[in-house]
Amino acid sequence: MTAREVYLDNSATTKMDPRVLEAMLPYWSENYGNPNSLHRRGREARSAVDAARASVAALINAEPADIIFTGAGSEADNLAVKGAAWALKAKGKGNHIITSAIEHHAILDSVKWLGRMGFEYTILPVDSKGMVSPEALEAAIRPDTVLVTILFANNEVGTIEPIKALGEVCRRHGVMFHTDAVQAAGHINIDVKELPVDMLTMAAHKMYGPKGIGALYVRRGVKLIPTLHGGGQEFGLRSGTENVAEIVGFGKAAEIAKARLEAGEDKKLAALRDYFIEGVLSSVPESYLTGATGEERLPFHTSFTVKYIEGEGMLLLLDAAGIAASSGSACTSGSLEPSYVLLALGLDHATAHGSLRMTMSHDTTKEDIDYVLEKLPQIVEKLRAMSPFYNKK
Ligand SMILES: *Cc1c(COP(=O)(O)O)cnc(C)c1O
């Protein structure tokens, strides 16, 4: 048994807030109605779904009718990209899509699949901080471009994209704009009345809610072709009886996130983040931050590369010390290819292999960080002593 457990993999998933679980429980037992039924049990479920839809909408200042619940963030991404691409192609608007090199696979693989279905696409590069340039986007737009999809904030390096400027480019050219905001929603302020976005993806489990429930914000007037056909739930865009308990959990998580943002807790977390980053960079020789800093970085996110060692080695020794972190160097697939995100930022393969991501939650304390800052330098030293790449100068 280890003395301390420090969970620093909140970009992968967060621990559900106990208040979320409490809100969900009745909808798995006594409140079992189908929201599409007209009797009392059904109406009770319908009003719970409606209330949750209003809470999720309020988090991004949207209208409740603009929120479509889906079975995951990935599903919302698929619905946005495929739904808009097919709908616009059917109207004869064109068949060209633009995305970035550092999207989540739910976007990249959807776009590439559309490529095999007869669409064309452009993948925009990013700079060394992981930023997509609005000028590069503007230059890539063609007369037949129908959709641009650029993520709000990247999961591996925490960089927040210039969504407003990117959206303005799309508006100027009359091109639909989607953003995958799974890492950003609930963590930074998002206001769809101010941002020129047409669609925006969220997922509850990245913001202290349950896994297996996502949402797509769809601005009024945007027409999509559904990816799931059937009973016509979710305004005809996502058939299947509503997952009432999970939707209720998402609603509660959104409500808590909104209260936290209003209380400025994101700023407190950002201060702890900067203390953490400074601590790692000053105690681990030849360690480098990946991604952006300050306001251009997610408040809970830190990511580094540590020269001359492999990410996996660090993860295993950190885990033995009770610290849960992650590395972009080997994906869930177990592949030994370095992270495509880090390569897109311009890192060489060897450096990308030494990546370490440590993402905090609102439960993370300064004591937790100090514990990591005590263990990490020892772990790095130990691994370097065994590394064939590390010759002491
Ligand atoms: C986690 C994540 C997703 C996928 O969400 P799921 O609910 O796990 O399917 C999509 N995009 C980004 C940026 C993510 O971090």
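Atoms within each ligand, like the ligands themselves, are counted from 1 in listed order. Heavy-atom basis, side chains included; hydrogens, waters and symmetry copies ignored.
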What protein heavy atom lies closest to [atom]? Include the residue and the distance to one decimal.
atom                    : value
atom 11 (N) of ligand 1 : Asp180 OD2, 2.6 Å
atom 8 (O) of ligand 1  : His205 NE2, 2.9 Å
atom 2 (C) of ligand 1  : Lys206 NZ, 2.6 Å
atom 7 (O) of ligand 1  : Gly73 N, 2.8 Å
atom 4 (C) of ligand 1  : Ser74 OG, 3.5 Å

Does [X] come within less than 4.0 Å of [Y], counting only side-chain N to carboxylate O?
X      : Y      : result
Asp9   : Arg357 : yes
Glu286 : Arg384 : no
Lys258 : Glu262 : yes
Arg19  : Glu255 : no

At under 4.0 Å between heavy atoms, which part of [X] makes contact with ligand 1: side chain, backbone, both or neither?
X      : result
Asp77  : side chain
Glu75  : neither
Ala106 : neither
Lys211 : neither

**Request:** Report, as yes or no, whether the 6.0 Å neighbourhood of atom OH on Tyr32 holds more than 12 heavy atoms from other residues, nucleotides or ligands.
**Result:**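 Count not over threshold, so no.
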**Item:** Geometric cation-pi criterion, Arg219 with Phe177: 6.0 Å, 45°
**Value:**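 No, Arg219 does not lie over the aromatic ring of Phe177.
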**Message:** Does the Lys NZ or Arg CZ of Arg273 fall within the cation-pi geometry relative to Phe300 - under 6.0 Å from the ring centre and within 45° of the axis?
**Reply:**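 That pair does not qualify as a cation-pi contact.
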May I ask you to list the atoms of ligand 1 that are less than 4.0 angstrom from any heavy atom of [X]?
X      : answer
Gln183 : 13 (C), 14 (C), 15 (O)
Asn155 : 13 (C), 15 (O)
Ala72  : 7 (O), 9 (O)
Ala203 : 7 (O)

**Asked** Any idea how Trp86 and Phe119 line up, ring-wise: parallel (<30°), tilted (30 to 60°), or perpendicular (>60°)?
**Response**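 Ring orientation, 0 to 90° scale: perpendicular.
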**Prompt:** Mind checking whether Phe276 and Phe304 have parallel, tilted or perpendicular rings, split at 30° and 60°?
**Reply:**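 The rings of Phe276 and Phe304 stand perpendicular, inter-plane angle above 60°.
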